[in-house]
*Asks:* 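I am attaching a structure below and will ask some questions about it afterwards.
All values reported here derive from a predicted model rather than from experimental measurement. For this chain, numbers begin at 1 and follow the sequence in order.
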Amino acid sequence: MVKRVGFFSEFVPQDTAPSAPSIHDAVRPSGLNDESGLLAYLASGTEIFSAMGAERDAITGDEWIPGAGSLVTDGTWMWPVELRHYVERYHAELPEDFMADVRAARYTAAPVPRRRTEEIILEVFGRSSFAAQATEGPGADGYFTWYLSDLTPQRCARMLDSLESAGLKTRHPLTGDISLSVTGEAGNGPRPMRDGRPAAEVLADPAAGEVTLHLWFASDTFTTVSVRRLSGTTAAVVHSLAGLQEPEREQVVAALVRSLDQLRDYCLGFVLDRAGRSPLAAWDAVVCAGASPSVALPDSIALDTSRSAAPSAFGNMAGTPYGHLTVFSRRPADKDRA
C-alpha cells in the first residue's frame, strides 16, 4: 500500500481523508537544515496524475498554485504536487519516517517502474475509467489540443524550444533525425515531408497543409504534434497521446503542461482528452466561438469565460483560473468520465 504524505485537510477534498491534519499546524518559522534537499526530492518524483488549472494558497489565499491536485510518487510515498509550495514558503513540517526515506535516497527520488505505477494508480483510483485507461493496455487515441492565436514562425520556434526544455525533443535521441509529415487537402497521407526549412517555419506555414512533427520523450517513446489551421490566424496545435501507457503518458502530459505555461498569453483555450472520447474538431467552435459542448466532456477544457458558453454547460466540472482562462476539469475518479 502506498503511503501518503502532505494531504492536508485544506487541500482538494477528493485527495484528503476526514482525519487529515491541518496545514496551519504544520507551518514552522524556519526550515530544516536540509530543506533544499527535501524540495529537490519533492520535485523529482514521478507524476501519476496531472491536473490543470490552479488552487489558491490555503493559508493566505494570496497566490495561485499551478497544477494543484496533481499527484506524485516515489513508489513508496505519494504526495500532492502543491506540497512543495508549502514546504518552500511555510517550511511545512513532514513526518519523520518520510524524511528518513528522503535522506536515505540522498534527496533524489528514483524512477518508478511501470508495474509499480500501475499498482498505485489502481490503489488510489480504483477501477475508475482513468485507472483503466492508465493500466489496461496501450493508451487510447487521446489528445491535448492548444488553440493559439497568430502562430508565427517566431512563436512556433518558442513553442518548440519550450517543448524541448520540458523534455520533448524534435530530434531522435540516437539518430538526430527530424521526422516531419504532411496530410494533403484531399486527406491523402500522411506522407514524409522533405523541407530544408527549420521545423518551426514549416509548422507555421499555412500553405504547408496539416503538418505533423514527432516529439521524442525517449528513444522508443514519442508523441506527435500537428497544426490545423482554423479561421483567420487561429491554429489548433494537436498533441497526440495515442498509444502511450503509464507512466510515460502522464509524464508527457506533465511536459506539455509545463510547455503551455510558457505560451498561455497566446492561448485561446485548450482541451485535454486522455481517452479520446470526443472528436478533435468538436471543440473548435466551443473554444473559439463560445458554442455549447455537444459531445462527451473531456478531462479538462480551458476557455475565455468572457466569450464562452455558461459554466453550467460543463456540468459538475470545477472551474479554476489559468491566467486569463478558466479551466473546467474532471477528477480522475469521477464516475461519469466514460
*Asks:* Would you say the side chain of Thr212 lies within less than 4.5 Å of the side chain of Val182, judging by non-hydrogen atoms?
*Replies:* no
*Asks:* Answer yes if Val237 and Val327 sit in the same cluster of Ile, Leu, Val, Met, Phe, Trp and Tyr residues linked by side chain heavy atoms under 4.5 Å apart, and no otherwise.
*Replies:* yes
*Asks:* Supply the atom-to-atom distance Asp74 CG to Lys3 NZ, rounded to the nearest 0.5 angstrom.
*Replies:* 9.5 Å
*Asks:* Could you tell me if the side chain of Leu325 sits less than 4.5 Å from the side chain of Arg264, heavy atoms only?
*Replies:* no
*Asks:* Identify, with sequence neighbours excluded, every residue that meets ring-ring contact (aromatic ring centres under 6.0 Å, His included) alongside His172.
*Replies:* Trp216
*Asks:* Is there a side-chain contact between Leu148 and Phe270 (heavy atoms, below 4.5 Å)?
*Replies:* no
*Asks:* Answer yes when Glu118 and Arg115 have at least one side-chain N-carboxylate O distance shorter than 4.0 Å, and no when they do not.
*Replies:*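 Between Arg115 and Glu118 there is no salt bridge, as every charged N stays at least 4.0 Å from the carboxylate O atoms.
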*Asks:* If you define the side chain from C-beta out and look only at heavy atoms, does anything of Arg277 sit under 4.5 Å from Val295?
*Replies:*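 Side chain of Arg277 against side chain of Val295, heavy atoms only: no contact under 4.5 Å found.
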*Asks:* Does Ile65 offer a backbone N or O that forms a donor-acceptor pair with the side chain of Glu82 under 3.5 Å?
*Replies:* no
*Asks:* Under a 4.5 Å cut-off applied to non-hydrogen side-chain atoms, are Pro66 and Tyr322 in contact?
*Replies:*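 No, too far: nothing below the 4.5 Å cut-off.
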*Asks:* For Tyr41, does its backbone N or O pair with a side-chain atom of Ser44 as donor and acceptor, under 3.5 Å?
*Replies:*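 Judged by distance alone, yes, a pair lies under 3.5 Å.
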*Asks:* State, to 0.1 Å, how close Pro95 and Val5 come at their nearest heavy-atom pair, and which atoms those are.
*Replies:*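 Taking Pro95 first and Val5 second, the nearest heavy atoms are CD-CG2, 3.6 Å.
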*Asks:* Is it true that a side-chain atom of Glu123 and a backbone atom of Val2 form a donor plus acceptor pair closer than 3.5 Å?
*Replies:* yes
*Asks:* Taking side-chain contact (heavy atoms from CB on, under 4.5 Å) as the criterion, tell me which of Val238, Leu256, Val225 meets it with Trp146.
*Replies:* Leu256
*Asks:* Under 3.5 Å, is there a donor-acceptor pair between the side chain of Thr233 and the main chain of Ser149?
*Replies:* no
*Asks:* Main chain of Gly37, side chain of Asp34: is a donor-acceptor contact present, judged purely on distance under 3.5 Å?
*Replies:*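 No; zero donor-acceptor contacts below 3.5 Å.
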*Asks:* Atom CG of residue position Asp62 - does it have more than 12 heavy atoms of other residues, nucleotides or ligands inside 6.0 Å?
*Replies:*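 Enclosed: over 12 neighbouring heavy atoms sit under 6.0 Å from CG of Asp62.
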*Asks:* What orientation do His214 and Phe222 show, parallel under 30°, tilted 30 to 60°, or perpendicular over 60°?
*Replies:*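 Geometry flag for Phe222 against His214: tilted rings.
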*Asks:* Strictly by modelled atom types, are Thr223 and Tyr143 linked by a side-chain donor-acceptor pair under 3.5 Å?
*Replies:*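 No pair is found: no donor N or O on one side chain lies under 3.5 Å from an acceptor on the other.
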*Asks:* Which pair of heavy atoms, one from Asp273 and one from Pro298, lies closest together, and at what distance?
*Replies:* CB-CB, 3.9 Å
*Asks:* Is there a donor-acceptor pair closer than 3.5 Å between any side-chain N or O of Asp284 and the backbone N or O of Leu230?
*Replies:*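 Not at all, since once roles are kept as given, no pair shorter than 3.5 Å links the two residues.
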*Asks:* Has the side chain of Arg258 got a donor or acceptor atom that lies under 3.5 Å from a matching backbone atom of Ala166?
*Replies:* yes
*Asks:* Do Ile23 and Tyr90 make a side-chain contact, defined as non-hydrogen atoms from C-beta onward lying under 4.5 Å apart?
*Replies:*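 Contact flag for Ile23/Tyr90 side chains = no.
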*Asks:* Measure from the side-chain N and O atoms of Ser259 to the backbone N and O of Ala255, and report whether any donor-acceptor pair falls under 3.5 Å.
*Replies:*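 No, the answer is negative, given that no donor and acceptor are paired below the 3.5 Å cut-off.
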*Asks:* When you look at Phe8 and Tyr86, which way does the ring pair (Phe, Tyr, Trp, His ring centres under 6.0 Å) test go after all the steps?
*Replies:* CA-CA 11 Å; Phe8 295 101; Tyr86 292 95; 7.4 Å; no
*Asks:* Any chain of hydrophobic side-chain contacts (each under 4.5 Å) joining Val102 to Trp77?
*Replies:*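 Yes.
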*Asks:* Would you mind reporting whether Leu32 and Met99 have side-chain heavy atoms less than 4.5 Å apart?
*Replies:*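 Yes, close enough: below the 4.5 Å cut-off.
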*Asks:* Does Arg56 come within less than 4.0 Å of Glu10, counting only side-chain N to carboxylate O?
*Replies:* no
*Asks:* Return the OG1 to CD1 distance between Thr326 and Ile301, rounded to the nearest 0.5 Å.
*Replies:*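 Answer rounded to 0.5 Å: 11.5 Å.
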*Asks:* Would you say the side-chain atoms of Arg84 pair up with the backbone N or O of Leu39, donor to acceptor, closer than 3.5 Å?
*Replies:* yes
*Asks:* Closest approach of Tyr266 and Arg158, non-hydrogen atoms and distance?
*Replies:* OH-NH1, 3.1 Å
*Asks:* Could you check whether any side-chain N or O of Glu250 sits under 3.5 Å from a backbone N or O of Ser50, counting only pairs where one atom can act as donor and the other as acceptor?
*Replies:* yes
*Asks:* What's the shortest heavy-atom distance between Leu241 and Arg274, and which atoms?
*Replies:* CD1-CA, 4.2 Å
*Asks:* Is there a side-chain contact between His239 and Leu163 in this structure, where contact means two heavy atoms from C-beta onward sitting under 4.5 Å apart?
*Replies:* yes
